[in-house]
Amino acid sequence: MSRPHTCFVQAQRIPWSHGLHGGNRRDVDSKLLSVDDEDASSTQVVRYPAGWRRAVPEHLSTHEEFLVLDGWLEVNGRRYDKHTYAFLPKGWARESARAPEGAVLLTMYYGPATYAPGAAAEPHDPKLLVEYVNPLTMDWDPGLVDPQLAKGVAIKPLRTDPYTGETSFLYCSPPHRVPPGMAKPQWTHPMVEELYCLDGEYTWGDLGVMRRGGYCWWRENVYHGPAGTETGYNLFVRTVNGPLVNHFATEKKPFTWTPEHRPVLPERLKPYGQEWPREPNY
Ligand SMILES: [Fe+2]
């Protein structure tokens with residue numbers, strides 16, 4: 001497991017590349033958010049052009065997890081609209097796929113992103129399959145949030161791995177969530193936390209203001225924060241290498257609404273590390 005700590009980059013700043021990272025699917029465009037140079041697992045924004053289609057069966061020899069950011073994609077006759085989600089385990093058969101109007105997906109590959117024709121040699125593990133989740137049909141559940149976190153936040157669960165406890169979910173905050181007395185301890189996790197800001201703003205007191213399109217690969221035991229939000233936010237969150245656990249420091253650190261923009265990025269992403277401006281609402 002060797003993806004570098006990335007906290008945070010605005011996906012809008014990263015240029016599109018032809019094909020998936022690794023060279024497969026030359027008829028799509030992608031933005032590489034993070035990649036493991038040992039096992040080739042990656043998180044990519046994948047853009048399927050209007051009219052894209054696969055009429056022949058395909059499979060992957062690794063898991064594919066995705067959340068639709070824009071447009072819609074159809075796989076095996078099932079339509080995935082904006083913000084719908086799937087976890088398609090290794091070996092799962094894709095009989096057909098198409099994106100008549102185009103689609104943009106946040107896609108997590110658990111190994112090389114190499115689609116191969118035909119059926120897999122081994123069938124997929126049905127315990128891992130999450131074929132379709134539509135968060136727009138779900139209620140936000142505040143009861144699923146760690147009680148150490150401030151009130152007002154809530155979760156829509158997407159998946160929990162039955163073997164590892166790794167979990168993916170949407171996490172929302174209402175606006176005007178302010179650390180009490182403008183100070184709070186920093187916190188971290190014993191696992192990796194991956195974040196993608198679907199909408200709103202997430203203010204890191206130590207890193208800057210992450211806006212929609214902001215992405216993190218938050219490595220284990222790296223402290224950040226304190227955090228707050230003026231607008232509220234809707235985040236996609238995934239834990240890697242274990243279930244979600246929050247560890248809080250004891251010392252309170254001051255919070256500011258106007259932190260200096262100083263993200264922590266690997267060399268590859270440093271050219272794209274600029275802030276993304278907020279549109280005025282007047
Ligand atoms: Fe967290």
Side-chain angles (χ1 to χ4, degrees), residues 1 3-11 33-34 41 43 65 67 85 87 106 108 135 140-161 164-180 183-256 259 262-266:
M1 214 284 306
R3 291 195 222 188
H5 185 65
T6 300
C7 212
F8 57 90
V9 65
Q10 294 288 153
L33 298 177
S34 63
S41 63
T43 299
E65 180 173 8
L67 183 91
Y85 167 89
F87 184 96
L106 175 68
M108 288 134 287
W140 289 105
D141 189 345
L144 295 174
V145 179
D146 183 335
Q148 295 181 99
L149 295 167
K151 280 186 188 149
V153 287
I155 279 175
K156 291 188 181 188
L158 300 172
R159 113 174 168 112
T160 297
D161 191 295
T164 65
E166 290 174 325
T167 185
S168 300
F169 55 93
L170 298 183
Y171 181 59
C172 83
S173 170
H176 294 184
R177 210 151 69 88
V178 189
K184 233 167 65 171
Q186 293 193 310
W187 82 105
T188 189
H189 321 85
M191 75 301 154
V192 169
E193 188 172 271
E194 186 170 44
L195 305 172
Y196 194 92
C197 184
L198 299 174
D199 281 300
E201 280 183 11
Y202 190 100
T203 302
W204 304 85
D206 59 336
L207 297 172
V209 182
M210 181 170 81
R211 300 206 159 87
R212 62 201 303 264
Y215 171 80
C216 294
W217 181 267
W218 184 353
R219 287 293 299 259
E220 312 87 331
N221 307 317
V222 181
Y223 280 84
H224 280 306
T229 179
E230 186 182 322
T231 61
Y233 53 72
N234 185 10
L235 302 181
F236 171 80
V237 182
R238 175 169 80 120
T239 74
V240 181
N241 289 347
L244 179 65
V245 176
N246 294 302
H247 288 160
F248 288 84
T250 45
E251 182 202 351
K252 282 189 180 175
K253 294 233 170 153
F255 175 76
T256 169
R262 48 183 176 204
V264 184
L265 295 172

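Order of appearance sets the numbers: ligands from 1, and atoms from 1 within every ligand. Throughout, residue positions are numbered sequentially from 1 according to the sequence presented.
- Residues satisfying the ring-ring contact (aromatic ring centres under 6.0 Å, His included) test with Phe255, not counting sequence neighbours, are Trp257.
- A search for side-chain hydrogen bond (donor to acceptor under 3.5 Å, both in side chains) contacts involving Asp146 returns Gln148, Asn246, not counting sequence neighbours.
- Listed by chain and number, the protein atoms of type N/O/S under 2.8 Å from the Fe ion (ligand 1) are His189 NE2, Glu193 OE1, Glu193 OE2; waters are omitted.
- When atom types are taken as modelled, the side chain of Glu201 and the backbone of Arg211 share no donor-acceptor pair closer than 3.5 angstrom.
- When the options Phe8, Tyr223, Trp187 are evaluated for a ring-ring contact (aromatic ring centres under 6.0 Å, His included) with Trp218, the one that passes is Trp187.
- Arg3 has its side chain out of reach of Val192: every pair of non-hydrogen atoms, C-beta onward, lies at least 4.5 Å apart.
- Residues passing the side-chain hydrogen bond (donor to acceptor under 3.5 Å, both in side chains) test with Thr229: none are found, sequence neighbours excluded.
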